[in-house]
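This report refers to the structure that appears directly beneath it.
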Amino acid sequence: MSHPSQNDLTDAEIGELDDLLAQIPAPLEALDVVMLDGYLCGVLAQPVPVDIAEWLPPACDWNLGDEEQGGGAVLTPDTAGWHGARHERLLALVQRRFDALNRQMVEDGWFDPVVMQPLGEDDEPLTGRAQIEGALGPWIIGFEHALNHFPGLEDLPHSDIPDLLACLRRHLPDQSEDEQAYTKALDQEHPLKSLDAAIEDLVGNVVELADIGRAERLKVTQVRRSAPKVGRNDPCPCGSGRKYKQCHGRDQS
């Protein structure tokens with residue numbers, strides 16, 4: 001289990017963040033705080049680091065990039081119905097949660113997802129499968145939203161990724177026929193008997209996906225650093241005897 005980070009959000013701040021997301025003006029459709037939590041984990045699992053300038057806009061408008069929905073819009077401090085102080089507070093809370101999730105996954109191999117207890121039409125807590133899907137479905141929808149915008153993780157040729165993603169998608173309300181068949185098989189072979197068990201399963205799968213993405217990231221970094229940087233006045237590595245700037249470095253001038 002993870003030890004709560006001193007810099008992670010308190011319950012009150014999670015509620016404040018949810019309120020801020022709800023206040024983002026139409027026509028933008030922001031994620032709620034549960035979906036945002038899944039989305040941030042989907043971003044963190046990517047094999048290439050994603051800058052906040054890239055990942056924040058889709059969190060603030062579900063329709064961003066969807067031409068069928070008009071292409072969406074990017075939230076800025078100057079967006080009508082919004083203002084700078086509110087925007088600054090939103091950025092601060094989201095960044096803190098992003099950093100805390102990253103630390104927990106890297107240092108503890110665990111994180112505590114933001115999920116809510118789903119209620120039925122009678123305002124009583126749901127139980128059984130309905131409880132699990134109601135609690136985890138929105139979180140996984142947020143994770144999927146990240147994969148839709150940043151497909152690098154799912155595109156990796158790693159044999160474990162399809163099964164790990166299928167274990168998450170078993171909780172989605174809308175599934176393809178193949179996903180339904182896989183979910184049925186999972187329920188028979190690895191039934192989840194409680195919400196706590198389902199959360200533990202979700203966290204384990206997400207951490208494993210993030211480990212795969214991080215390993216790929218380190219591999220790329222090592223490849224990039226394997227050759228020393230060549231100065232413009234250094235001999236060209238091709239062995240011509242000329243300076244780099246007069247040989248293969250000319251194309252980079």
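Throughout, numbering of the chain's residues begins at 1 and tracks the sequence.
If you take OG1 on Thr79 and CZ on Arg86, they are separated by 11.5 Å, rounding to the nearest 0.5 Å. In this structure, CG on Leu21 lies 11.5 Å from CG on Leu28, to the nearest 0.5 angstrom. Rounding to the nearest 0.5 angstrom, the gap separating the SG atom in Cys60 from the CG atom in Leu90 is 5.5 Å.
A donor-acceptor contact shorter than 3.5 Å is absent between the side chain of Asp8 and the backbone of Ala100. The backbone N or O of Ala73 sits less than 3.5 Å from a side-chain atom of Asp61, completing a donor-acceptor pair. Asp32 contributes a side-chain N or O that, together with a main-chain N or O of Met35, makes up a donor-acceptor pair within less than 3.5 Å. The closest donor-acceptor contact from the side chain of Glu216 to the backbone of Ile212 lies at 3.5 Å or more, if one exists at all. The backbone N or O of Thr10 lies less than 3.5 Å from a partner atom in the side chain of Glu13, making a donor-acceptor pair. For the pair Arg96 (side chain) and Asn7 (backbone), a donor-acceptor distance under 3.5 Å is present. Judged purely by atom type and a 3.5 angstrom limit, Thr183 uses its side chain to pair as donor or acceptor with the backbone of Glu179. In terms of modelled atom types and a separation under 3.5 Å, the side chain of His149 and the main chain of Trp55 share no donor-acceptor contact. No donor-acceptor pair closer than 3.5 Å links the side chain of Asp201 to the backbone N or O of Ala197. One N or O on the side chain of Gln46 and one on the backbone of Phe150 form a donor-acceptor pair closer than 3.5 Å.
The pair Asp187-Lys184 does not count as a salt bridge, with every side-chain nitrogen at least 4.0 angstrom from each carboxylate oxygen.
Residues Val203 and Met116 share a single hydrophobic cluster, defined by chaining ILVMFWY side chains whose heavy atoms lie under 4.5 Å apart. Residues Leu56 and Phe143 fall within the same hydrophobic cluster, defined by Ile, Leu, Val, Met, Phe, Trp and Tyr side chains chained together at heavy-atom separations under 4.5 Å.
For His83 and His87, the gap between ring centers reaches or exceeds 6.0 Å.
Using bins of under 30°, 30° to 60° and over 60° for the plane-to-plane angle, the ring pair His145/Trp62 lands in the parallel bin.
Under the salt bridge (Lys or Arg N to Asp or Glu O under 4.0 Å) criterion, the residue pairs touching residues 14-28 are Glu16-Arg89, with sequence neighbours excluded.
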Open item on the list: For a side chain to side chain contact (heavy atoms under 4.5 Å, CB included) check, start with the C-alpha distance between Asp163 and Asp160, then their side-chain angles and the critical distance, and finish with the verdict.
Closed with: CA-CA 6 Å; Asp163 287 344; Asp160 291 343; 5.9 Å; no
TODO: Report the C-alpha separation of Leu168 and Leu164 in whole Å, then their side-chain angles, then the decisive distance to 0.1 Å, and conclude whether the side chain to side chain contact (heavy atoms under 4.5 Å, CB included) test is met.
DONE: CA-CA 7 Å; Leu168 297 180; Leu164 291 168; over 6 Å; no
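The residue from Val33, Leu17, Leu36 that alone fulfils the side-chain contact (heavy atoms from CB on, under 4.5 Å) condition with Leu93 is Leu17.
Taking Asp122 as the reference, Glu124 meet the side chain to side chain contact (heavy atoms under 4.5 Å, CB included) condition, with sequence neighbours excluded. For Pro57, the side chain to side chain contact (heavy atoms under 4.5 Å, CB included) partners are Leu64, Val74, not counting sequence neighbours.
Shown here is Gln95, whose CD atom has more than 12 heavy atoms of other residues, nucleotides or ligands within 6.0 Å. Other residues, nucleotides and ligands contribute at most 12 non-hydrogen atoms within 6.0 Å of the CD atom of Glu177. A 6.0 Å sphere centred on CD of Glu88 holds no more than 12 heavy atoms belonging to other residues, nucleotides or ligands.
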